[in-house]
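To keep things clear, I will list the structure first and then write my remarks on it.
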Amino acid sequence: MIHYKSPREIDRMAVPGEMVALTFQTIAGLVHAGTTTQEIDDVVRDFVKDLGGKPLFLGYNGFPAHCCISVNDEVVHGIPGDRVLLEGDLVSIDIGIEAEGFCGDSARTYLIGEGDDTSRQVLSVCRAALAAGIDGARPGSTLVKMIEAIESVIRESRLGLVESFVGHGIGRQMHEEPQVPNFVSPVLRRTDIELRPGLVLAIEPMVNAGTGAVQTLDDGWTVVSADGGISAHCEHTVAITEQGPRVLTLGPGECWPPASGTPGQ
Ligand code: MG
Ligand code: MG
């Protein structure tokens with residue numbers, strides 16, 4: 001069952017959404033060569049506590065950290081630890097926070113330094129796919145049309161579209177109906193829904209340099225590309241309103257669509 005939110009509830013969802021964005025703004029300066037992913041997670045832990053929010057991922061099915069940090073060939077669900085970030089790394093960070101009884105969920109991918117052509121392309125296609133999805137999150141459209149917009153950006157790039165993980169409805173729970181895959185399947189066509197005001201979705205394309213095939217490491221969490229190619233993950237929590245898409249996971253000084261060159265988006 002889909003839980004549609006009232007305008008007032010969407011305003012409340014902007015509270016955890018902004019907390020997520022503020023956390024990204026706080027850690028952005030740490031995402032550079034020489035930092036360990038544990039140091040970033042420690043800052044996320046302390047900052048979210050100071051904000052009065054609850055990190056959603058800690059303890060979720062036993063996840064052991066406050067955010068997910070997935071570097072290079074890691075696609076999603078990387079566990080922060082003693083890995084030292086290096087020049088040229090492509091670093092995807094996923095943060096979820098609960099506050100006001102609602103959830104916010106967002107992922108940003110950072111390229112440390114200039115990177116190579118492949119890493120720049122993977123990141124720009126992932127950001128463009130997310131932007132296409134957000135632009136399609138309008139009343140009167142359908143879930144399939146919105147997802148077709150995401151899928152076509154990735155397919156046309158000839159990069160790998162990760163099919164094994166999906167976006168989702170979000171509200172009082174982090175994961176609500178409907179599922180939001182990044183490609184259109186026959187099942188999705190059969191179960192398509194109209195996009196109505198009050199629907200809130202976490203839209204989150206994942207793009208690989210090679211194929212979209214993935215596997216999970218022995219730690220039970222870290223998802224990596226099957227062929228070792230690098231990967232990016234970009235996500236926002238987006239409400240469908242009468243006026244169009246409202247991105248809830250934005251912070252002070254941020255807007256949607258982002259100004260070109262805005263870091264982290
Ligand atoms: Mg997320
Ligand atoms: Mg999500």
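One-based numbering, in listed order, for ligands and for the atoms of each. Just so it is clear, the structure is predicted and the values come from calculations on it, not from any experiment.
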Between the Mg ion (ligand 1) and Asp94, which N, O or S atom of the residue is the nearest one? OD1
What do the steps show when you test Asn208 against Ser225 for side-chain hydrogen bond (donor to acceptor under 3.5 Å, both in side chains), and what is the final call? CA-CA 7 Å; Asn208 290 357; Ser225 64; 4.9 Å; no
Which N/O/S atom belongs to [X] and is the closest one to the Mg ion (ligand 2)?
X	result
Glu235	OE2
Asp105	OD2
Glu204	OE2
His168	NE2

Which one of Leu130, Val153, Leu161 satisfies the side-chain contact (heavy atoms from CB on, under 4.5 Å) criterion with Val125? Val153
How are the rings of Tyr110 and Phe24 set to each other: parallel, tilted or perpendicular (split at 30° and 60°)? tilted
In this structure, which one of Glu204, Glu176, Glu177 forms a side-chain hydrogen bond (donor to acceptor under 3.5 Å, both in side chains) with His168? Glu204
Could you tell me whether His77 and Phe165 have their ring centroids closer than 6.0 angstrom? yes
